[in-house]
Protein chains: 2
Amino acid sequence: MATRTAAQHRADVRAAYDAYLATCPARQLLDRISDKWVSLVLNALADGPLRYRDLNRIIAGVSQKMLTQTLRTLERDGLLTRTVTPSVPVRVDYRLTPLGHSLLPVMASIKAWAECHIEEVQTARMDYDRGLAAEPPVPGP
Amino acid sequence: MATRTAAQHRADVRAAYDAYLATCPARQLLDRISDKWVSLVLNALADGPLRYRDLNRIIAGVSQKMLTQTLRTLERDGLLTRTVTPSVPVRVDYRLTPLGHSLLPVMASIKAWAECHIEEVQTARMDYDRGLAAEPPVPGP
DNA sequence: CAGCATCCTAGTAGATACTG
DNA sequence: CAGTATCTACTAGGATGCTG
């Protein structure tokens with residue numbers, strides 16, 4: 001029983017911490033912008049509104065499903081607006097809101113760090129991997 | 001045949017774009033820091049080195065597997081150092097490198113935006129969800 | 001204390017086909 | 001043109017038990 005209680009306690013702590021993280025603003029923002037396609041959409045729309053098809057073309061690797069899903073999420077979060085022009089065929093434009101625009105400097109700071117330091121990271125990775133290869137768990141004779 | 005070729009072409013474009021993204025510094029950084037536990041570890045170590053067990057206690061929700069995995073990745077990327085003191089029992093300390101420290105301002109800018117604007121986002125979400133509820137696809141009589 | 005190995009499941013991305 | 005719907009495959013992550 002003590003074991004059960006301890007396990008239960010751990011589960012409780014974890015659940016409580018998860019709940020805390022769910023309300024953490026920075027966590028929420030990170031979850032949003034770290035999405036593979038979000039940063040690309042934001043960047044594509046930085047210079048002005050675009051139609052669905054243009055986004056789909058510019059962001060060459062995205063599937064319709066993911067593009068639509070990403071756009072809907074960003075619209076829901078108030079980061080961009082979706083404007084439907086009921087012509088034939090229909091036309092839909094996406095445009096960053098001021099809130100969406102305010103996010104661009106944050107993205108820029110991320111980009112700046114990355115472009116400035118990513119080489120150090122890659123060097124560190126290579127060193128680490130070489131170190132692993134040179135240090136077998138059980139040295140030979 | 002034309003269909004096959006078109007599908008193949010799409011697949012090629014997608015693969016090429018994925019390869020491009022894989023080399024994009026900003027993308028790599030985002031992938032790293034967006035990891036659920038990375039930001040928490042970085043934050044925990046901001047004020048000084050900590051032992052494994054302390055990290056595990058401070059970051060209450062993390063499993064041993066994920067904490068170890070996260071620490072290994074960060075070590076590999078040169079963002080922190082791992083120091084083993086071969087006492088009995090063994091003691092392991094983790095400390096941010098200068099490179100790791102240089103990342104803190106970036107995290108701070110993310111946090112700053114989040115704390116400043118997350119309420120707008122939440123309001124937008126509520127509005128969006130209410131709008132959906134009030135606009136059924138097929139209006140009743 | 002600080003992990004590693006194993007198993008398992010739940011969410012998510014992509015392919016595909018269809019529609020207003 | 002701009003989506004929606006459905007299915008499958010993958011994998012990130014948690015639980016558990018064992019070790020130097």
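Here the structure is a predicted model, which means the values were calculated and not measured. The sequence lines fix the lettering, A, B, ..., with proteins before strands; numbering per chain opens at 1.
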K.L.:
Once you round it to whole Å, what is the distance between P of dG3(C) and CZ of Arg91(B)?
P.N.:
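About 13 Å, once rounded to whole Å.
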K.L.:
Can you check the Lys36(B) NZ to dG11(C) P distance for me, whole Å?
P.N.:
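Atom NZ in Lys36(B) sits about 13 Å away from atom P in dG11(C).
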K.L.:
For Val62(A) and for Pro89(A), locate the closest nucleotide of DNA chain C by heavy-atom distance; then report the residue assigned to the nucleotide nearer the 5' terminus.
P.N.:
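That would be Val62(A).
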K.L.:
Assess, by modelled atom type and distance only, whether the side chains of Thr81(B) and Thr97(B) contain a donor and an acceptor separated by less than 3.5 Å.
P.N.:
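No, Thr97(B) and Thr81(B) have no side-chain donor paired with an acceptor closer than 3.5 Å.
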K.L.:
Given Leu45(B), which of Asn43(B), Val41(B), Leu42(B) fulfils the side chain to side chain contact (heavy atoms under 4.5 Å, CB included) condition?
P.N.:
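Result: among Asn43(B), Val41(B), Leu42(B), Val41(B) is the only option passing the side chain to side chain contact (heavy atoms under 4.5 Å, CB included) with Leu45(B).
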K.L.:
Starting at the 5' end of DNA chain D and moving along, which residue's nearest nucleotide shows up first, Ser63(B) or Asp93(A)?
P.N.:
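Upstream on the strand: Asp93(A).
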K.L.:
Any Lys/Arg nitrogen of Asp93(B) or Arg91(B) sitting under 4.0 Å from an Asp/Glu carboxylate oxygen of the other?
P.N.:
yes
K.L.:
If you measure from CG on Leu103(A) to CG on Leu29(A), what distance do you get to the nearest 0.5 Å?
P.N.:
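Between Leu103(A) CG and Leu29(A) CG, I get 6.0 Å after rounding to 0.5 Å.
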K.L.:
What orientation do Tyr94(A) and Tyr52(A) show, parallel under 30°, tilted 30 to 60°, or perpendicular over 60°?
P.N.:
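The rings of Tyr94(A) and Tyr52(A) sit tilted, inter-plane angle from 30° to 60°.
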K.L.:
Find the distance between CG (Leu99(A)) and CG (Leu74(A)) and round it off to the nearest 0.5 Å.
P.N.:
10.5 Å
K.L.:
Can you find a side chain N or O atom of Tyr17(B) that sits less than 4.0 Å from OP1 or OP2 on dG14(C)?
P.N.:
no
K.L.:
Inspect the contact between Arg130(B) and Asp127(B) and indicate whether a charged nitrogen and a carboxylate oxygen are less than 4.0 angstrom apart.
P.N.:
yes
K.L.:
Just the rounded figure in Å: distance from P of dT16(C) to CD of Gln64(A).
P.N.:
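About 12 Å, once rounded to whole Å.
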K.L.:
Considering non-hydrogen atoms only, spot the tightest contact between Leu30(A) and Ser34(B) and give its length.
P.N.:
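The pair with the smallest heavy-atom distance is CD2-CA, 4.2 Å.
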K.L.:
When you match Trp37(A) and Arg53(B) each to their closest nucleotide on DNA chain C, which lands nearer the 5' end?
P.N.:
Arg53(B)
K.L.:
Can you sort out which residues in residues 65-85 of chain B have a heavy atom within less than 4.0 Å of DNA chain C? Ascending by number, please.
P.N.:
Thr68(B), Arg72(B), Arg82(B)
K.L.:
Roughly, in whole Å, what's the span from CZ in Arg14(B) to P in dG14(C)?
P.N.:
7 Å
K.L.:
Reading DNA chain D in the 5' to 3' direction, which nucleotide is the first one with an atom under 4.0 Å from a heavy atom of chain B, and which is the last?
P.N.:
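That gives a stretch of dG13(D) to dG20(D).
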K.L.:
Counting the atoms with a prime plus P, OP1 and OP2 as sugar-phosphate, which does Val92(B) contact under 4.0 Å by heavy atoms, base, sugar-phosphate, or nothing?
P.N.:
sugar-phosphate
K.L.:
Are any of the side-chain nitrogens in Arg14(B) or Asp18(B) under 4.0 Å away from the carboxylate oxygens of its partner?
P.N.:
no
